[in-house]
Amino acid sequence: MLLTGKNWRLSASRKVEDAAALLDVLLKNRGITEGQSVEQFLAEDDGIWHDPFLYNDMHKAVDIINDTMDSNGKILVYGDYDCDGVTATSILVRYFRSHSVDVEYIVPHRAEHGYGLTEKIMDKVIESHPDLVITVDCGVTNVDTVLELKNRGIKVIITDHHNVKEELPLADCVICAKRADNTYPFIDLCGAGVALKLVEALGKDGRHKVTGNIWRQAIELAGLATIGDLVSVTNENRTIIKRAFKSMQNPSNVGVGIMNDMLLAPGKTLDETFISFNFVPRINAAGRLYDSADALKLFLENNPTEAKSAAQDLTRQNDERKEIEAKVFDEARAQLESPNRPDRWSLTNTCGPIVVYNKDWHQGVLGIVAGKLSQFYGRSALVFTDDSTEPGCAKGSGRAYGDFDLYECLERISDKLVNFGGHKKAAGLLVRKSEMGIFMETLEAEAAKIYEEKGLSGEESEEDAIVAECEIAPECLDFDAYNKVSKLRPFGIGNPKPIFVTKGLVISGIAQMSQGAHIRLDLTDKEGRYSLSAVGFGMGDYFSVLKAGDKVDIAYTMNEYCFRGETSLSLHLEDIRLEKPIGFMWQKADIAEKLYTSGLAMNQIAKMAPGEDIRDQMKPTAEQYGACYKAIERFGGTAMSTADLDLLARLVTNNYDVAVTPFQLKRCLEVFADCKLIRLRTMKPMRVCFNILRTGDKVKLSDSEVYRRIQGD
């Protein structure tokens, strides 16, 4: 069970009551207020574009490539196994093939070779006898292997977009905007974006021109990668995506056209959401499970039949990836929630990243599963399996939750690691299996120190916060408003999909979807003049909390829904807030809880509500104890549940017709925990996580020390 609300912050204070004002608010929130910047931002297929020769070493790189082509030299393009690396490799290989260049490509295998130009793949690189190696989406940190190639008389051009270390490789050229002496005006191109700029520079030079067809293919592939690699959708990236979508209306790349035809349902729009959730996962699946050569075949194949076969293979691999991912996720959850898991490693007794390990899990899905666990439990997560190339070691992938800096934590305990890398939100690491216990103990201790040092409570974490654009009146929610919002596409990092808030709505109907995984709400304004439809994906647990007649505020995004040729406006819920009942123990529930946990007696807390007798809303009754236990047993079961006390109290009241306040509910949970009926952890004053321990023994609550304290308080 997951019943957690979020903190809402409005970027604009004024309430929008007509669609005409909506676009102005959105642009102002993004700091886009003047003529040319507004025009560039809203342009359908144009915008900011920089001269490729502003890159350090670009002139030199073009000269080296042209000289190699003129002398019939052999070029090796070395890429990466994800969508960005595959598309970047395809961009350059397509260009060189258009000039009949002797070109080969290598993309490493995730499990065998790891990321980048590593020693594990150098034999294969050298065996191809290249005169020139061009890296794409990697290479900027591979100092030793680049030096080895140079010592063998092989020229090396690095094109990359990742962070550099103190020492740059001694390549002939390093085209990367993250280098300390960078001269390029935009640092957030993806790897395929940098490859695109190299092809543009070669075309501008004129010695080996770029045909219109090759350029359009390069734009399409760079657009896919820009969306898939989660880089900032601002500045030049925004223009790349717009131009890619324009070209994809009639794709030049055969594989892009085949994949779109296969996946894009009639009436659906080709947009960044489609690319992110349908196209890119298929490209990444090849590198996660097998060999990225399968994905390269899609983009390098000119025969539609062969391209379709490649697309079908990638779809099968993606289906397999989803099955493997789901299996690993379920097994990880079972491991975390097992009654046999030692108490000291239970979610209720730790504050640091959760750690799971299984020797048989597939390395290619560790990061995805870590991300899903992080979101599911509201905790940073590390997922380990046996490393395929380092005997005796476990390879892990981690994802951070909220404000927790995962990289900093690992850096502090680096003496317990064989190797690690990453950044604040994500990391990869290698641990000796014999030292896994020591690693977990050190990790937990260091995480606790970090929380104490920085005062991290999680109350204002990124995942718990919703930054909404503005409040919108119900009468403003129509297709005119949706079309205004759509002018800001493409959405992504730096230009997030707008979230809006509408207050004072009444639930007129509620239904479950997809076997209870999602909910659909029918809503009206208080006067019943306007009707709205909203879908809460992954919010199925709210079905037992909400009921017709409830007054709510909603946070949501605007979307279009196509069904049988009819298109309607659909609101996708980000959060729901129920109107709180009148009274101190609901309106000031967090204050009451903080006062009690600080040691204040109940009779003293009761004095905080002048003119209101709240004593009967503090100590639970036998009936309330019974209703609360039945509710958590029925809706939570033995699985780990995370819930806000006010929502959980509403669930109890709605399903058992026993009114209970959040304060009373928390007291019930504490007694259950003291009686060893549940494991309980308070994550913050109004949020708990717990799971039931099915002991089969009958328990007398009055024997609990916590129960006696509550009754005597």
Side-chain angles (χ1 to χ4, degrees), residues 74-99 101-117 121 124-125 128 130 133-139 159-160 190-196 198-199 213-214 216-229 244 248 251-260 262-263 275 279-318 320-321 364:
K74 183 176 183 179
I75 297 176
L76 174 68
V77 180
Y78 186 91
D80 187 26
Y81 42 67
D82 67 357
C83 179
D84 192 18
V86 166
T87 51
T89 302
S90 300
I91 287 170
L92 291 191
V93 171
R94 279 280 187 185
Y95 169 76
F96 290 130
R97 284 182 178 177
S98 74
H99 288 284
V101 172
D102 182 5
V103 60
E104 288 187 11
Y105 59 83
I106 293 176
V107 175
H109 191 286
R110 181 189 295 263
E112 293 179 19
H113 308 122
Y115 166 76
L117 187 61
I121 202 170
K124 187 175 181 181
V125 172
S128 68
V133 171
I134 305 176
T135 72
V136 291
D137 192 34
C138 64
T159 73
D160 203 349
C190 65
V194 181
L196 176 75
L198 176 59
V199 169
N213 179 269
I214 290 296
R216 286 192 299 274
Q217 291 194 55
I219 284 285
E220 291 165 14
L221 298 178
L224 289 174
T226 302
I227 293 168
D229 213 49
M248 283 187 209
S252 291
N253 185 275
V254 173
V256 171
I258 292 291
M259 191 68 88
N260 286 349
M262 280 179 54
L263 303 178
I275 297 298
F279 202 134
V280 171
R282 285 165 167 79
I283 307 307
N284 284 332
R288 290 189 182 280
L289 301 187
Y290 299 107
D291 189 339
S292 291
D294 295 334
L296 277 157
K297 181 180 178 183
L298 175 74
F299 296 131
L300 294 176
E301 184 57 64
N302 291 323
N303 184 312
T305 302
E306 293 297 322
K308 185 173 183 178
S309 176
Q312 291 169 336
D313 287 343
L314 292 173
T315 296
R316 282 192 291 271
Q317 291 176 23
N318 190 51
E320 184 180 352
R321 185 270 306 170

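Taken to the nearest 0.5 Å, the CD atom of E306 stands 13.0 Å off from the CG atom of L300. Atom-to-atom distance recorded for I106:CD1 and K124:NZ is 5.5 Å, nearest 0.5 angstrom. The distance from the CG atom of L314 to the OG atom of S292 is 9.5 Å, given to the nearest 0.5 Å. Remark: L198 CG to I134 CD1 distance equals 6.0 Å, nearest 0.5 Å. Within the model, atoms CZ of F279 and CE of M262 stand 10.0 Å from one another, a figure rounded to the nearest 0.5 Å. Atoms OG and CG, from S90 and L221 in turn, are 6.0 Å apart once rounded to the nearest 0.5 Å.
For N302 and R94, the side-chain atoms include at least one donor-acceptor pair closer than 3.5 Å.
Residues satisfying the ring pair (Phe, Tyr, Trp, His ring centres under 6.0 Å) test with Y95, not counting sequence neighbours, are H99.
Scanning all heavy atoms of the two residues, the minimum distance from I258 to P304 falls at CD1-O, 3.9 Å. The two residues G223 and A244 come nearest to each other via the heavy atoms CA-CB, 3.7 Å. Closest heavy-atom contact between A195 and A88: CB-O, 4.0 Å. Closest heavy-atom contact between C138 and G79: SG-O, 3.6 Å. Shown here for R288 and G364, the closest heavy-atom pair between the two residues is NH1-O, 2.8 Å. Residues L296 and Y105 approach most closely at CD1-CE1, 3.5 Å, considering heavy atoms.
Side chains of L263 and R282 form a contact here, defined as non-hydrogen atoms less than 4.5 Å apart. Counting only heavy atoms from C-beta outward, the side chains of V103 and R97 approach each other to under 4.5 Å. Looking at heavy atoms from C-beta onward, V136 lies out of side-chain contact with V194 at the 4.5 angstrom threshold. Looking only at side-chain heavy atoms (C-beta outward), E104 and P130 stay at 4.5 Å or farther from each other. A heavy-atom distance below 4.5 Å is not found between the side chains of E301 and S309.
Heavy atoms of other residues, nucleotides or ligands lying less than 6.0 angstrom from NZ of K308 number 12 at most.
Of the possible donor and acceptor atoms, none in the side chain of N253 sits under 3.5 Å from a partner among the backbone N and O of Q217. Distance alone, capped at 3.5 Å, is enough to place a donor-acceptor pair between the D84 side chain and the G191 backbone. At least one donor-acceptor pair closer than 3.5 Å links the side chain of K74 to the backbone N or O of S128.
Residues R316 and D313 are paired through a salt bridge, judged by an N-O separation under 4.0 Å between the basic side chain and the carboxylate.
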For this session: Kindly indicate, with the supporting measurements, whether the criterion side-chain contact (heavy atoms from CB on, under 4.5 Å) is fulfilled by M248 and L224.
Result: CA-CA 10 Å; M248 283 187 209; L224 289 174; 3.8 Å; yes
Exercise. Does the side-chain contact (heavy atoms from CB on, under 4.5 Å) test come out yes or no for T315 and Q312, once each step is laid out?
Worked result: CA-CA 5 Å; T315 296; Q312 291 169 336; 5.6 Å; no
Problem set entry | Worked check of side-chain contact (heavy atoms from CB on, under 4.5 Å) between D82 and D137 | CA-CA 9 Å; D82 67 357; D137 192 34; 3.3 Å; yes
